[in-house]
Amino acid sequence: MKYLIAMLASFLAMTASIAMVQAADDSPKFAIVIHGGAGSSSSDEEWNAKRKVVLTHALETGTEMLKTGRSSLDTVEAVVRILENSAYFNAGKGAVFNSATGHELDASIMDGRDRSCGAVGGVRTVRNPISLARKVMTETRHILLVTDGAEKFADQFNDDSQIERVANSDFSTEHQLKRLKKAQANEMKNEKRSDSDKMGTVGCVALDTHGNLAAATSTGGLNNKQFGRIGDSPIVCAGTFADNQTCAVSCTGIGEDYMRNAVAFDVSARIEYRGDSLKKSVHGILFNPKRQVRGGIIALDKNGNIVMEFNTGGMSRAAADSSGRSEVHIGK
Ligand code: ASP
């Protein structure tokens with residue numbers, strides 16, 4: 001009898017602990033990953049500390065939004081706006097200069113529910129290009145608007161506080177002007193600088209508690225880029241991709257590498273067609289000796305797995321999820 005009671009007690013305890021584990025597993029999952037651009041890592045401690053403060057604020061804002069049930073689409077837009085408004089990242093304020101000492105900004109956003117997406121390229125007066133990209137997605141039948149057409153499209157939203165207009169010089173910072181002058185002086189001397197010195201971009205991918213993925217990327221492009229050049233960041237499937245069936249991706253690096261290799265889409269395709277894990281997929285692209293893809297990738301799959309990888313000297317990055325993970329890294 002004693003034996004039977006003991007058996008029953010241990011059976012009940014086991015059932016209770018299984019139920020507890022199931023309850024924990026059933027709690028809605030969310031995850032968020034952010035990058036502040038790949039490239040060489042800076043040894044300027046003060047600069048790094050300032051970047052860390054902004055990245056931490058962006059991560060906390062995004063995490064709070066997801067925790068309270070907001071959509072991944074709203075979250076990636078809000079996070080990228082924070083980074084665009086900061087002078088310490090190459091997007092919006094703080095963007096690199098092009099060869100004509102001006103700023104041309106590129107951005108894209110994608111909704112993993114139905115692959116709807118929007119993008120802008122070469123915009124000059126829109127404070128938050130990512131929000132204009134979202135307007136292209138929701139208010140037009142197109143995906144990408146560039147230069148004057150994008151500016152004219154933005155005129156329709158003069159009453160919308162999300163689409164604030166500024167002078168092109170408002171994006172300028174001393175830091176980026178110094179970088180431009182240095183790059184141009186090196187060009188004159190015919191000295192080739194490392195490609196890592198040209199980079200920087202911001203991006204965010206998120207999985208919300210409703211199971212939806214989204215991705216957003218925004219950039220000033222490459223330092224000293226030719227006037228009129230558009231990179232991978234506003235090209236869906238190159239710099240940005242999201243599909244609820246596979247993953248959400250945001251890229252940073254030499255845009256031409258990412259465009260010719262359709263990198264963001266390739267991350268998803270490797271999962272869909274070959275059954276690769278998210279990590280294997282990203283590694284297969286960034287560390288493939290047969291291909292040149294210089295930069296970094298952040299990605300998140302439908303199960304909340306997180307990948308942040310780069311083959312450059314560093315990549316500022318941050319991640320958090322519903323299990324309590326929360327981390328911010330600057331540089332290496
Ligand atoms: N991918 C961006 C571009 O080529 C730059 C970067 O990510 O650093 O425009």
Side-chain angles (χ1 to χ4, degrees), residues 33-42 51 55 80 83-84 86 88-92 94-100 102-110 119-124 129-130 133 144 146-147 150 171 173 175-176 179-180 183 193-205 215-241 249-267 282 285-286 291-299 308-317 330-331:
V33 195
I34 306 173
H35 73 76
S40 47
S41 56
S42 170
R51 281 166 70 86
L55 208 49
V80 167
L83 299 171
E84 286 177 337
S86 158
Y88 303 109
F89 294 89
N90 173 20
V96 296
F97 285 91
N98 62 17
S99 57
H103 306 283
E104 294 170 292
L105 311 176
D106 302 337
S108 64
I109 190 162
M110 189 158 185
V120 291
V123 296
R124 297 182 297 268
I130 198 64
L144 173 62
V146 300
T147 61
F171 299 119
T173 54
H175 173 78
Q176 293 294 7
R179 288 185 69 211
L180 174 75
R193 282 180 68 81
S194 124
D195 290 314
S196 289
D197 286 343
K198 299 181 191 147
M199 298 181 207
T201 278
V202 307
C204 179
V205 292
T217 311
S218 180
T219 191
L222 297 178
N223 185 31
N224 196 29
K225 66 186 180 183
Q226 188 168 326
F227 174 59
R229 178 261 190 190
I230 287 179
D232 62 313
S233 306
I235 308 296
V236 166
C237 293
T240 303
F241 191 75
V249 183
S250 172
C251 303
T252 168
I254 303 295
E256 286 71 12
D257 292 355
Y258 285 78
M259 289 156 91
R260 67 170 63 87
N261 291 300
V263 167
F265 178 74
D266 196 16
V267 175
V282 169
I285 296 166
L286 281 180
R291 281 196 197 169
Q292 190 176 40
V293 177
R294 291 160 290 180
I297 296 174
I298 57 166
M308 311 182 268
E309 290 287 354
F310 52 98
N311 56 25
T312 51
M315 178 174 80
S316 300
R317 59 206 185 277
I330 299 294

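The model shown is predicted, which means the values in this text are computed figures rather than measured ones. Counting starts at 1 for both ligands and their atoms, in listed order. Atoms considered below: every heavy atom in the structure, side chains included; atoms not considered: hydrogens, waters and symmetry mates. For this chain, numbers begin at 1 and follow the sequence in order.
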Over all heavy atoms of both residues, which pair between Gly221 and Val96 is shortest? Give the atoms and the distance, please.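 Looking at all heavy atoms of both residues, the closest pair is O-CG2, 3.5 Å.
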
Check whether any N or O atom of [X], backbone or side chain, sits under 3.5 Å from an N or O atom of ligand 1, and answer yes or no.
X: Gly255; result: yes
X: Asp232; result: yes
X: Gly253; result: yes
X: Asp106; result: no

Could you establish whether Gly295 and ligand 1 come within less than 4.0 Å of each other, counting only heavy atoms on the residue side?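 Judged by the 4.0 Å heavy-atom criterion, Gly295 does not count as contacting ligand 1.
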
Glu256 and Arg229: CA distance, side-chain angles, deciding distance, salt bridge (charged side-chain N to carboxylate O under 4.0 Å, His left out) verdict: CA-CA 10 Å; Glu256 286 71 12; Arg229 178 261 190 190; 2.9 Å; yes

Please could you name the atoms of ligand 1 that Thr252 approaches to less than 4.0 Å, counting only its heavy atoms?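 It comes down to these atoms of ligand 1: 6 (C), 7 (O), 8 (O).
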
Side chain, backbone, both or neither: which applies to Arg229 and ligand 1 if a contact is any heavy-atom pair less than 4.0 Å apart?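 Side chain only; the backbone of Arg229 stays clear of ligand 1.
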
Is a side-chain donor or acceptor of Asp232 paired with a backbone partner of Tyr258 at a separation under 3.5 angstrom?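 No: the side chain of Asp232 does not pair with the backbone of Tyr258.
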
For Asp106, run the side-chain contact (heavy atoms from CB on, under 4.5 Å) check against Ile235, Leu144, Thr219, Val123 and tell me which one passes.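 Among Ile235, Leu144, Thr219, Val123, the one meeting side-chain contact (heavy atoms from CB on, under 4.5 Å) with Asp106 is Thr219.
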
Could you pull out all residues at least two apart from Phe97 that satisfy ring pair (Phe, Tyr, Trp, His ring centres under 6.0 Å)?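 Applying ring pair (Phe, Tyr, Trp, His ring centres under 6.0 Å) to Phe97 gives His103.
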
In Å, rounded to the nearest 0.5 Å, how long is the span from CG of Leu83 to OG1 of Thr217?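 The CG atom of Leu83 sits 11.5 Å away from the OG1 atom of Thr217.
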
